[in-house]
Novice: 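The structure's right below; bear with me while I get my questions together.
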Amino acid sequence: VGGKNSKNIQAKLVLLGDMGTGKTSMVMRFVKGQFYDYQESTIGAAFFTQVLSINKRSVKFDIWDTAGQERYHSLAPMYYRGAAAAVVIYDITTMVSFQRAKKWIEELQKQGDPHLVMVLVANKADLDTKREVQIEEGKRYATENGLQFFETSAKTAENINELFYEIAKRVAQAS
Ligand code: GDP
Ligand code: MG
């Protein structure tokens with residue numbers, strides 16, 4: 001420890017998106033390296049930490065998972081206050097979840113911190129046969145709004161580590 005590039009960073013990370021899009025599964029995949037198939041979406045600890053090393057710095061994520069509060073939209077500003085990073089998630093098999101993700105992004109852009117690192121995530125990429133949202137649609141929206149875009153699967157682990165490393169890198173650059 002020591003030296004000007006060895007700063008340790010602590011960053012609050014929130015996940016926003018409709019119920020059932022895979023927020024909890026994504027956190028579990030990232031933190032525990034596992035996928036729990038029949039997870040009750042309202043059960044589970046609401047807070048996790050995970051440390052990633054980026055160059056000589058470490059980024060400690062304080063991850064706030066919702067425990068079903070996404071049903072109560074009025075609680076959202078309390079939830080994302082002070083966040084360094086927001087992951088906005090939709091489920092590729094549910095068009096309505098994509099519409100909802102766009103609303104979250106609009107809300108964060110209006111009310112959020114201009115330095116907030118925001119990423120759009122299309123989850124359940126393994127369910128391609130049930131796809132309702134084309135990858136180009138998600139990408140286009142992300143590009144138009146200056147966001148990074150990932151298609152992920154919490155089930156197969158596709159792009160999960162890549163997603164969190166990218167966020168850590170951007171959080172480290174921003175601080
Ligand atoms: P949350 O309400 O956003 O926290 O969503 P959950 O993590 O509870 O996931 C909702 C349901 O989708 C659960 O049955 C998960 O097992 C399932 N799920 C989550 N991610 C994926 C994924 O990437 N692929 C598939 N096939 N199912 C997923
Ligand atoms: Mg959940």
Side-chain angles (χ1 to χ4, degrees), residues 11-50 52 61-109 112 116-139 141-142 145 147-168:
K12 175 178 174 182
L13 182 149
V14 295
L15 299 107
L16 297 166
D18 259 357
M19 279 194 89
T21 51
K23 299 180 297 298
T24 299
S25 300
M26 201 170 288
V27 175
M28 294 312 227
R29 170 57 81 187
F30 174 53
V31 173
K32 311 248 188 227
Q34 287 185 59
F35 180 71
Y36 304 89
D37 221 340
Y38 300 105
Q39 193 157 58
E40 172 59 60
S41 58
T42 56
I43 292 179
F47 186 82
F48 299 88
T49 63
Q50 182 77 321
L52 290 183
F61 283 123
D62 289 337
I63 305 172
W64 298 47
D65 184 24
T66 61
Q69 300 101 314
E70 54 269 63
R71 275 179 294 199
Y72 312 106
H73 187 248
S74 57
L75 295 178
M78 254 167 53
Y79 173 69
Y80 58 69
R81 182 174 306 141
V87 179
V88 179
I89 302 171
Y90 66 91
D91 166 355
I92 67 157
T93 71
T94 314
M95 182 55 82
V96 71
S97 74
F98 180 51
Q99 306 303 347
R100 195 74 194 95
K102 293 182 190 175
K103 296 280 174 226
W104 279 120
I105 289 163
E106 285 167 24
E107 175 169 341
L108 289 169
Q109 284 173 337
L116 181 70
V117 171
M118 220 193 297
V119 178
L120 180 63
V121 172
N123 192 40
K124 307 197 188 180
D126 58 289
L127 299 179
D128 195 55
T129 54
K130 295 182 185 166
R131 181 187 286 275
E132 284 186 7
V133 188
Q134 297 307 314
I135 189 162
E136 292 74 20
E137 271 186 89
K139 266 188 191 160
Y141 183 82
N145 287 276
L147 308 175
Q148 262 168 314
F149 175 79
F150 288 86
E151 260 206 14
T152 64
S153 169
K155 185 169 185 172
T156 68
E158 178 185 343
N159 263 342
I160 301 291
N161 284 336
E162 290 81 353
L163 164 70
F164 286 99
Y165 268 101
E166 185 59 33
I167 295 169

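Heavy atoms only: backbone and side chains are in, while hydrogens, waters and symmetry mates are out. Atoms within each ligand, like the ligands themselves, are counted from 1 in listed order. Numbering starts at 1 and runs along the sequence shown.
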Novice: Within the structure, is a non-hydrogen atom of Gly20 found at a distance of less than 4.0 Å from ligand 1?
Specialist: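 Contact present.
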Novice: If you take the nearest heavy atom of each of Asp126, Thr24, Leu127, which one is closest to atom 24 (N) of ligand 1?
Specialist: Asp126
Novice: Out of Lys124, Arg29, Met26, who gets a non-hydrogen atom closest to atom 17 (C) of ligand 1?
Specialist: Lys124
Novice: To the nearest 0.5 Å, what is the distance between CG on Leu120 and OH on Tyr90?
Specialist: 5.5 Å
Novice: Any idea which atoms of ligand 1 are less than 4.0 Å away from a heavy-atom of Ser153?
Specialist: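 Numbered from 1, ligand 1 contributes 23 (O).
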Novice: Any chance NZ of Lys102 has more than 12 other-residue heavy atoms, nucleotides or ligands included, within less than 6.0 Å?
Specialist: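 Correct, the count exceeds 12.
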Novice: Relative to ligand 1, is Thr21 under 4.0 angstrom through side chain, backbone, both or neither, heavy atoms considered?
Specialist: both
Novice: Is it true that some N/O/S atom of Thr24, main chain or side chain, lies under 2.8 Å from the Mg ion (ligand 2)?
Specialist: yes
Novice: Show which atoms of ligand 1 fall inside a sub-4.0 Å distance from at least one heavy-atom site of Asp18.
Specialist: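 It comes down to these atoms of ligand 1: 3 (O).
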Novice: By number and element, which atoms of ligand 1 are closer than 4.0 Å to a non-hydrogen atom of Phe35?
Specialist: 16 (O), 18 (N), 19 (C), 20 (N), 21 (C), 27 (N), 28 (C)
Novice: Atom 3 (O) of ligand 1: which of Lys155, Lys23, Met19 has the nearest heavy atom?
Specialist: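 It is Lys23 that holds the nearest heavy atom.
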Novice: Nearest heavy atom to atom 20 (N) of ligand 1: which of Ile160, Asn123, Leu15 does it belong to?
Specialist: Asn123
Novice: Which distance, rounded to the nearest 0.5 Å, do you find between the CD1 of Ile63 and the CG of Leu15?
Specialist: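 So the gap between those two atoms works out to 7.0 Å.
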Novice: Going by atom types only, do Asn123 and Thr21 share a side-chain donor-acceptor pair under 3.5 Å?
Specialist: no
Novice: With Ile92 as reference, evaluate Lys130, Arg131, Glu132 under the side chain to side chain contact (heavy atoms under 4.5 Å, CB included) test and give the passing residue.
Specialist: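 When side chain to side chain contact (heavy atoms under 4.5 Å, CB included) is applied between Ile92 and each of Lys130, Arg131, Glu132, only Arg131 qualifies.
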Novice: Say whether Thr156 and ligand 1 are in contact under the criterion: heavy-atom distance to a ligand atom below 4.0 Å.
Specialist: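 Not so, Thr156 does not reach ligand 1.
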Novice: Look at the aromatic rings of Phe164 and Phe30 and report parallel, tilted or perpendicular, splitting at 30° and 60°.
Specialist: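 It falls in the parallel class, under 30°.
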Novice: Between Thr94 and Ser97, is there a side-chain donor-acceptor contact under 3.5 Å, judged purely by atom types and distance?
Specialist: no
Novice: Checking Lys23 side chain against Asp18 main chain: does a donor-acceptor pair fall under 3.5 Å?
Specialist: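 Pair found, side chain donor or acceptor close to backbone of Asp18.
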